Amino acid sequence: MKYDTLIMVAGLGQRMQAGCNKVFLSLDNKPVFAYSLEIFLADNDCQQIILVGRADERIHYVPYLSDRVIFVNGGAERQDSVRLGLEAVTADFVMVHDGARPFVTVQHLQELKKQVNSILAVPVKDTIKKIENNHVVETIPRELLYQAQTPQLFERNLLVTVHKRAVETGFLGTDDASLVEAFSNQQVTVITGSYTNIKLTTPEDMLLAENIVKEQNK
């Protein structure tokens, strides 16, 4: 399956408290976003990689741009950025990935390509409580819950359509799968991801990421 990839790198990363975009943080002497970029570059089925980020940060990506890697200005919200990135997609299929999720693997990509309109996800480990006014009102059955990850693979035309509907209705989803769920009859298939495929959000995540890199380098 030939596809294009959107790597979302526009986040401010305020919870990281790093004073800069978290995708630029150094992880074993390499910026966070470069890890997933290299994985997609290694996949010959990936025709084009579109880095979607802030216009004022484009200069940081210039050394990584090539005939296969381009940069597109993002929007105010992640959802806006995906919609803008889709305008540059030429393949029939597209993967959408978080630039702050450095530990996607080649195996993840291979598994996703077996099933169109699919996402990576892992079962929730903890007991989940629904809280109202600081009181527990419900314990949600854990076996029904999964943590969604990226990449997420969709038909390009499907993703374009649901993003258009989201704009028309003012709907703001938490990921691209949520738009497909809301505005199409297409079922989204879950592919088992990995608990190491973490999204770096807080300083504690960086500590965990450093340990993952150490293990991988052994």
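A quick note: this is a predicted structure, and the numbers were derived from the prediction, not measured. The first residue in the sequence is number 1, and the count goes up from there.
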Step-by-step side-chain hydrogen bond (donor to acceptor under 3.5 Å, both in side chains) determination, E204 to T202
CA-CA 5 Å; E204 292 79 11; T202 66; 3.0 Å; yes
Look up atom CD in Q107 and atom CG in L109, then write down how far apart they are to the nearest 0.5 Å.
9.0 Å
So if you build clusters from Ile, Leu, Val, Met, Phe, Trp, Tyr with side-chain heavy-atom gaps below 4.5 Å, do F154 and V116 land together?
no
Who passes side-chain contact (heavy atoms from CB on, under 4.5 Å) against P63, sequence neighbours left out?
none
Would the distance check show the side chain of R101 and the main-chain N or O of L200 forming a donor-acceptor pair, the cut-off being under 3.5 Å?
no
Do the rings of H60 and F24 sit parallel, tilted or perpendicular, given the 30° and 60° boundaries?
tilted
What residue pairs, at least two apart or across chains, pass salt bridge (Lys or Arg N to Asp or Glu O under 4.0 Å) with a residue in residues 150-161?
none
Are L41 and Y35 co-members of a hydrophobic cluster defined by side-chain heavy atoms under 4.5 Å apart?
no
Pairs meeting criterion ring-ring contact (aromatic ring centres under 6.0 Å, His included) with involvement of residues 62-92, two or more places apart:
F33-Y64, Y61-F71
Share the residues that join V122 in a hydrophobic cluster, the rule being Ile, Leu, Val, Met, Phe, Trp or Tyr side chains under 4.5 Å apart at the heavy-atom level.
Y195
The side-chain contact (heavy atoms from CB on, under 4.5 Å) partners of H163 (sequence neighbours excluded) come to Q79, V82, R83, L86, L159, D176, L179
For H108, ring-ring contact (aromatic ring centres under 6.0 Å, His included) partners two or more places apart
none
Can you tell whether the side chains of D56 and R54 come within less than 4.0 Å, N to carboxylate O?
yes
Identify whether NZ of Lys or CZ of Arg in K113 sits under 6.0 Å from the centre of the six-membered ring of Y3 and within 45° of that ring's axis.
no
Hphob cluster co-occupancy, V160 + F171, side-chain heavy atoms under 4.5 angstrom
yes
How many angstroms lie between CD1 in I191 and CD in E111, if you round to the nearest 0.5 Å?
6.5 Å
